[in-house]
Engineer: 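Attaching a single structure in structure tokens format; questions to follow.
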Amino acid sequence: RDSQLIRRALVLAADTEINAPTLAARVAATTGASLAACALAGLAALSGPKYGGRIAQVGAYVTESRRSSDARTAARQRLSQGLELPGFGHNLYAGGDPRAKALIEASGLSEDLVDIIRVGEGLTGQAANFDLALTLMARKLDLPKEGPFLIYTVGRCAGWLAHALEQAAQGSPIRTRVRYVGVEPDLG
């Protein structure tokens, strides 16, 4: 059962359309880079706090919630400090991240973990996202602290390789156009 849950998480992590790490992998592919280099480009972009780093933030929040033994108190304390509740909302999925929903439903989470979802959704008005779903699944399975990031990264790597292969097969480089819109320089 645990291996099936991890397999589900890996498959759900495989593709997130063309986010920054995926674009990095595709750009590397347009240069003729090896598949390993394409995956490394994706990993480099994932390493930033706005992507892979979000999973660690979610993990810290889940730890706070479980330590306090009351998810509502932990959430309200964060909000009163002007901090966000990481793990809720996704800019692409206004109605909620379907990957998160699928993983949460399959995970059979304990009541204390479900309460973190209930409280966060109630206070933010946003559904749990995939980072939270991965983190809660990892807690249920008693995986190491790095488990959610590693599962996400391995799944995403498969997705980056698929994107790189597709981009290489297209044969056309990714080329964007830019237009300067700043102040005219004084050339005199």
Side-chain angles (χ1 to χ4, degrees), residues 1-63 84-107 109 113 117 120 126-170 172-174 176:
R1 164 115 167 98
D2 293 354
S3 63
Q4 291 173 338
L5 193 54
I6 291 172
R7 186 176 299 115
R8 178 181 293 252
L10 289 166
V11 169
L12 291 169
D15 198 18
T16 56
E17 300 182 31
I18 308 285
N19 63 6
T22 302
L23 181 60
R26 290 187 80 106
V27 169
T30 68
T31 71
S34 69
L35 286 176
C38 295
L40 285 172
L43 185 58
L46 180 70
S47 70
K50 293 184 178 182
Y51 284 93
R54 302 283 298 166
I55 295 172
Q57 294 169 19
V58 171
Y61 169 62
V62 168
T63 298
E84 69 168 339
L85 294 186
F88 298 93
H90 193 290
N91 61 352
L92 291 180
Y93 307 111
D97 187 336
R99 300 167 305 153
K101 184 177 179 186
L103 189 57
I104 289 167
E105 287 175 358
S107 292
L109 300 173
L113 296 177
I117 297 169
Q126 298 181 314
N129 64 31
F130 194 59
D131 297 339
L132 181 62
L134 270 175
T135 301
L136 296 177
M137 178 210 72
R139 296 295 162 92
K140 177 204 183 322
L141 298 178
D142 199 27
L143 297 178
K145 179 181 171 182
E146 303 81 14
F149 177 78
L150 295 174
I151 290 170
Y152 183 74
T153 303
V154 169
R156 287 302 305 127
C157 189
W160 296 329
L161 294 175
H163 275 281
L165 288 168
E166 178 183 72
Q167 188 67 47
Q170 288 177 355
S172 59
I174 294 176
T176 59

Engineer: How many angstroms lie between atom CG of Asp131 and atom OH of Tyr152, to the nearest 0.5 angstrom?
Structural biologist: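 Between Asp131 CG and Tyr152 OH, I get 7.0 Å after rounding to 0.5 Å.
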Engineer: Is there side-chain contact between Gln167 and Val27, with heavy atoms separated by less than 4.5 Å?
Structural biologist: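 Side chain of Gln167 against side chain of Val27, heavy atoms only: no contact under 4.5 Å found.
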Engineer: If you count heavy atoms of other groups shown closer than 6.0 angstrom to NZ of Lys101, is the number above 12?
Structural biologist: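 Not buried by this count: 12 neighbours or fewer within 6.0 Å.
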Engineer: Search all heavy atoms of Gly87 against all heavy atoms of Leu132 and return the closest pair with its distance.
Structural biologist: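 Of all heavy-atom pairs spanning Gly87 and Leu132, the closest is O-CB, 3.4 Å.
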Engineer: If you look at every heavy atom in Leu134 and Ala9, which pair is closest and at what distance?
Structural biologist: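 Residues Leu134 and Ala9, closest heavy atoms: CD2-CB, 3.8 Å.
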Engineer: Going from OG on Ser34 to CG on Leu40, what distance comes out if it is rounded to the nearest 0.5 angstrom?
Structural biologist: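 These two atoms lie 7.5 Å from each other.
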Engineer: Which side chain to side chain donor-acceptor pair (under 3.5 Å) pairs, counting each pair once, include a residue from residues 36-55, with sequence neighbours left out?
Structural biologist: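 Qualifying pairs: Arg54-Gln57, Arg54-Glu84.
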Engineer: Please enumerate all residues that pass side-chain hydrogen bond (donor to acceptor under 3.5 Å, both in side chains) together with His90, with sequence neighbours excluded.
Structural biologist: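 Scan of His90 (side-chain hydrogen bond (donor to acceptor under 3.5 Å, both in side chains), adjacent residues dropped) gives none.
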Engineer: Provide the closest heavy-atom pair for Pro148 versus Ala138 in the form atom of the first, atom of the second, distance.
Structural biologist: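 The pair with the smallest heavy-atom distance is CG-CB, 3.6 Å.
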Engineer: First locate atom CD1 of Ile55, then atom OG1 of Thr153, and finally report the distance between them rounded to the nearest 0.5 Å.
Structural biologist: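 It is 6.5 Å, given to the nearest 0.5 Å.
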Engineer: Is the closest side-chain heavy-atom distance between Met137 and Leu113 below 4.5 Å?
Structural biologist: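 With C-beta onward as the side chain, the pair stays apart.
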Engineer: Looking at Leu5, is its backbone amide N or carbonyl O close enough to the side chain of Asp2 to form a donor-acceptor pair, meaning the two atoms are under 3.5 Å apart?
Structural biologist: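 Here the side-chain-to-backbone pair does not exist.
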Engineer: How long is the span from the CG atom in Leu12 to the CZ atom in Phe130, to the nearest 0.5 Å?
Structural biologist: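 Reported value, rounded in 0.5 Å steps: 5.0 Å.
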Engineer: Indicate the atoms forming the closest heavy-atom contact of Leu35 with Ala164, along with that distance.
Structural biologist: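 So the minimum-distance heavy-atom pair works out to CD2-CB, 3.9 Å.
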Engineer: SG/Cys157 to CG/Leu43 distance, rounded to the nearest 0.5 angstrom?
Structural biologist: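 So the SG of Cys157 and the CG of Leu43 are separated by 7.5 Å.
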Engineer: Could you state the interatomic distance from CG (Asn129) to CD1 (Ile104), rounded to the nearest 0.5 Å?
Structural biologist: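 Answer for the CG-CD1 pair, Asn129 versus Ile104, is 8.5 Å.
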Engineer: Nearest heavy-atom pair of Ala106 and Arg1: which atoms, and what distance?
Structural biologist: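 Nearest heavy atoms, Ala106 then Arg1: O-NH2, 2.9 Å.
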Engineer: Is there a side chain to side chain contact (heavy atoms under 4.5 Å, CB included) between Arg156 and Thr22? Walk through the geometry before answering.
Structural biologist: CA-CA 8 Å; Arg156 287 302 305 127; Thr22 302; 2.5 Å; yes
Engineer: Indicate the ring-plane relationship of Phe88 and Tyr61, choosing parallel, tilted or perpendicular according to the 30° and 60° boundaries.
Structural biologist: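 It falls in the perpendicular class, over 60°.
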Engineer: Start with the C-alpha distance between Leu109 and Ile117, add both sets of side-chain angles, then the distance that settles side chain to side chain contact (heavy atoms under 4.5 Å, CB included), and finish with yes or no.
Structural biologist: CA-CA 10 Å; Leu109 300 173; Ile117 297 169; 3.9 Å; yes
Engineer: Could you list the donor-acceptor pairs under 3.5 angstrom formed by side chains in residues 91-99, with sequence neighbours left out?
Structural biologist:
from: Asp97; atom 1: OD1; to: Arg99; atom 2: N; distance (Å): 2.9
from: Asp97; atom 1: OD1; to: Arg99; atom 2: NE; distance (Å): 3.0
from: Asp97; atom 1: OD2; to: Arg99; atom 2: NE; distance (Å): 3.4
from: Asp97; atom 1: OD2; to: Arg99; atom 2: NH2; distance (Å): 2.6

Engineer: Do you know the tightest heavy-atom contact between Ala33 and Cys38?
Structural biologist: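 Residues Ala33 and Cys38, closest heavy atoms: O-SG, 4.0 Å.
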Engineer: Does the side chain to side chain contact (heavy atoms under 4.5 Å, CB included) test come out yes or no for Leu85 and Gln126, once each step is laid out?
Structural biologist: CA-CA 10 Å; Leu85 294 186; Gln126 298 181 314; over 6 Å; no
Engineer: Run the numbers on Arg26 and Gln170 for side chain to side chain contact (heavy atoms under 4.5 Å, CB included), then give the verdict.
Structural biologist: CA-CA 11 Å; Arg26 290 187 80 106; Gln170 288 177 355; 3.8 Å; yes
